[in-house]
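Just follow the structure's listing: the first ligand is 1, and inside any ligand the first atom is 1. Model, not experiment: these values are computed from the prediction. Throughout, numbering of the chain's residues begins at 1 and tracks the sequence. Below, all heavy atoms of this structure are taken into account, side chains as well, without hydrogens, waters or symmetry copies.
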Amino acid sequence: MLQDDIDPRCLVEALTDDMETARLRRQHEATSGLAVEALPTVYRGTAFRSALEASWAATIDSFGLTWEYEPTTVTLPSGARYIPDFHLPQIGVWLEVKGDGVPRIEKAIEYGQSLACDCPKFACTCRWIGGELVLIGHPPRGWTPDYDEDDHRPYWAQAISGRHHGGHPRWTSTRGRAAWIGYCVYCRHATWFDSPHCRACKRRLVGAEGLESGNQQIRFHRITGIAVDDDNPAV
Ligand SMILES: [Zn+2]
Ligand SMILES: [Zn+2]
């Protein structure tokens with residue numbers, strides 16, 4: 001369940017997701033020796049392989065971007081087959097989610113390099129500036145609230161919002177450049193940037209003028225999936 005602002009409209013939906021998560025996890029335990037490795041998690045009706053993937057979906061939602069989960073199987077130039085985790089069709093981005101363990105990112109890197117275009121610098125005419133972008137999403141970095149003397153809430157309320165922050169999402173571009181997320185001032189889309197252009201509307205953003213970002217908006221939304229068992233329904 002989204003540990004965030006409680007929206008009554010979403011409660012039924014979230015509970016349905018939690019019940020389905022519980023069912024999948026029981027099934028997973030029954031068929032897998034490694035139940036703790038990757039816990040299937042349902043978010044907005046989609047069954048993800050892990051809570052981390054479901055959390056990335058919720059995080060992408062918080063940016064106001066549309067995602068597709070594992071929409072296609074790609075054959076890489078090396079001949080290997082690869083299923084990227086997320087496609088973000090509005091901004092021409094693919095996202096590969098990596099957990100804490102040994103990262104296997106070779107396929108994502110190969111895919112990213114195969115999608116990068118060969119246009120001369122500053123003269124790209126592609127649908128997506130520089131070609132489609134492949135990002136690797138890492139587990140979030142922890143967040144510590146700044147001391148704010150204007151925050152007069154009791155310490156426990158501040159601590160709760162600190163926990164709900166979820167941490168800062170981290171990602172790496174497979175093009176070897178830095179990629180950062182922000183909101184384009186022209187088209188208002190949230191997008192990852194690795195060039196001076198908005199990926200959604202292609203307009204050139206000069207420095208920070210065209211780009212808005214804020215730590216409050218750019219944070220990781222954790223989906224844990226409440227453990228629900230038959231004896232103890234979480235209602
Ligand atoms: Zn190009
Ligand atoms: Zn734009």
For this session: With the Zn ion (ligand 1) at the centre, find the angle made by SG from Cys124 and SG from Cys117, to 10°.
Result: 110°
Exercise. Are Leu133 and Ile91 joined in one hydrophobic group, where the rule is that I, L, V, M, F, W and Y side chains link up if heavy atoms are under 4.5 Å apart?
Worked result: yes
For this session: Verify, without hydrogens or angle tests, whether Thr125 (side chain) and Ala123 (backbone) share a donor-acceptor contact under 3.5 angstrom.
Result: no
Exercise. Parallel under 30°, tilted from 30 to 60°, perpendicular over 60°: which one fits the rings of Phe48 and Tyr43?
Worked result: tilted
Exercise. Would you say Arg222's side chain and Ser55's backbone share a donor-acceptor pair under 3.5 angstrom?
Worked result: no
Exercise. Is it true that some N/O/S atom of Cys198, main chain or side chain, lies under 2.8 Å from the Zn ion (ligand 2)?
Worked result: yes
Exercise. Where the Zn ion (ligand 2) is the centre, what is the SG-to-SG angle for Cys201 and Cys184, rounded to 10°?
Worked result: 110°
Exercise. How open is the angle at the Zn ion (ligand 1) from atom SG of Cys119 over to atom SG of Cys126, rounded to 10 degrees?
Worked result: 110°
